[in-house]
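Keep in mind that this is a model prediction, so the values were computed, not measured.
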Amino acid sequence: MRPVAVIGAGCTRFGEKWNTSFRNLFVEAGMLALEDANLSGEQIDAMYVGNMSAGRFVEQEHIGALIADYSGLASHHIPSTRVEAACASGGLSFRQAVIAVASGMEDIVVAAGVEKMTDVATGASVDTLAGAADREWEGFAGATFPGLYAMIATNYTHRYGLTREQLAQVAVKNHFNGARNPIAQFQQEITLDTVIKSSLVADPLRLFDCSPITDGAAAVIVAPLERAREFTDTPIRVIASAQASDTIALHDRRDISTLDASVAAGRRAFEMARLTHKDIDLVEVHDCFTIAELCAIEDLGFCPKGQAGKLTADGMTALNSDLPVNTSGGLKACGHPVGATGIKQVFEVVQQLRGEAGKRQIDGARIGMTHNVGGTGATVAVHILEV
Ligand code: COA
């Protein structure tokens, strides 16, 4: 395999983008990434686009071709491929781009993600998202994602004695970070009371335990490391790319408060990078709900099972702590345009490793990790990047 580097990255502001179309969201992110890499479109060899459900959100399919066309590349006839793995579509799109470059098949490859979720009402959006779970055994019985993660939270609380305040602190921390991130959907700090007194969505999860419904797009450009300095003074090396899968339904799992696919993908990533947990300077984890962040920290092996709540409440995952988690604000504060989230995580780590993260910059960050989950853990992608 050839070593691979990120040479450019761009991201739209996330939020309710009623004045922008699906395709224009993508074009905006793509242009930002191209400018960042000092590239012109003609230099692109291939594109991968993470997208979960444009068919249901904006009634558009055939996203690979659409995106290449509206990027002005139709006449170049480059391969352009849609990648779908629910909320992990972005993470898998990045992995496909990395594999294409590592294999020697392509040189300059765009990995992007885009989702426009707010053109339909919340109910329709929640139902579309439920298609990422087991429709026959979960969806038809009335389970939506807040409901499924509420079951994880209830099981976890019963077994490990998690307190309401510890869980709420995940959202407080992520809103603090999001308030320092210009692309975040929610840029206001909140208190424990904001979370604990917000409306109940699926017991014990409240509004501020949930990621919101969001429009947004992100794009990064990868290239062989040996060519990276043609485009940037600060190539960011991709030193691990791992992916794992698990049962689609939560009730078929060995243990519903451990995401075994996170355990497997995390372990493979550490092995591939030949690193230990102490080497990681920051990690972007998939906090689609507050409980998901605690499971992720533990399943990736950063602390023993049952301890992430206390760690979070003690400030150990805050900015410039021992293990900064979700410096971007995570899915909670940045928003969660499902196909774009995995690429936004890479965008955040790239900014941090280049020292361009402004008010949320982690001093001396050299190595960062991303963790992107599809469904309740049926697909997981983990990447490690190094400056
Ligand atoms: N966190 C904080 N505030 C939120 C929010 C969230 N997750 N979701 C919405 N809001 C705010 C809105 O900004 C709005 O504020 P305003 O009145 O000041 O403008 C208000 O709450 C109502 O917004 P609305 O869009 O009507 O919310 P909703 O009730 O339709 O949707 C949820 C709320 C929780 C049901 C929805 O965000 C949701 O389903 N989230 C989970 C998404 C999901 O499952 N993703 C996949 C994960 S695997």
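Counting only residues at least two apart or in different chains, salt bridge (charged side-chain N to carboxylate O under 4.0 Å, His left out) contacts with residues 373-387 comprise Arg237-Glu386, Arg366-Glu386.
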Apply salt bridge (Lys or Arg N to Asp or Glu O under 4.0 Å) to the pair Arg135 and Asp127, showing each step before the final yes or no. CA-CA 10 Å; Arg135 181 63 81 178; Asp127 185 59; 3.0 Å; yes

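No side-chain N or O of Arg268 forms a donor-acceptor pair with one of Gln243 less than 3.5 Å apart. Judged by distance alone, the side chains of Arg95 and Ser241 do bring a donor and an acceptor atom under 3.5 Å apart.
Applying the side chain to side chain donor-acceptor pair (under 3.5 Å) rule to Thr191 yields the partners Thr194; only residues at least two apart in sequence or on another chain are considered.
Asn372 and Ala88 make their closest contact through OD1-CA, 3.3 Å (heavy atoms, listed as atom of the first residue, atom of the second, distance). The two residues Gly266 and Leu300 have their closest heavy-atom pair at CA-CD2, 3.8 Å.
Alongside Met272, the hydrophobic cluster contains Met1 (criterion: ILVMFWY side chains under 4.5 Å).
Taking the charged nitrogens against the carboxylate oxygens, Arg13 and Glu28 have no contact shorter than 4.0 Å, which rules out a salt bridge. A salt bridge does not link Arg274 to Asp279: none of the charged nitrogens lies less than 4.0 Å from a carboxylate oxygen. The pair Arg267-Asp299 does not meet the salt-bridge criterion, since no charged nitrogen lies less than 4.0 angstrom from a carboxylate oxygen. Taking 4.0 Å as the cut-off between side-chain N and carboxylate O, Arg206 and Asp209 do not count as a salt-bridged pair.
Between the His76 side chain and the Ala74 main chain, no donor and acceptor come within less than 3.5 Å of each other.
Annotation: side chain of Phe14 is not in contact with side chain of Asp215 (no heavy-atom distance under 4.5 Å).
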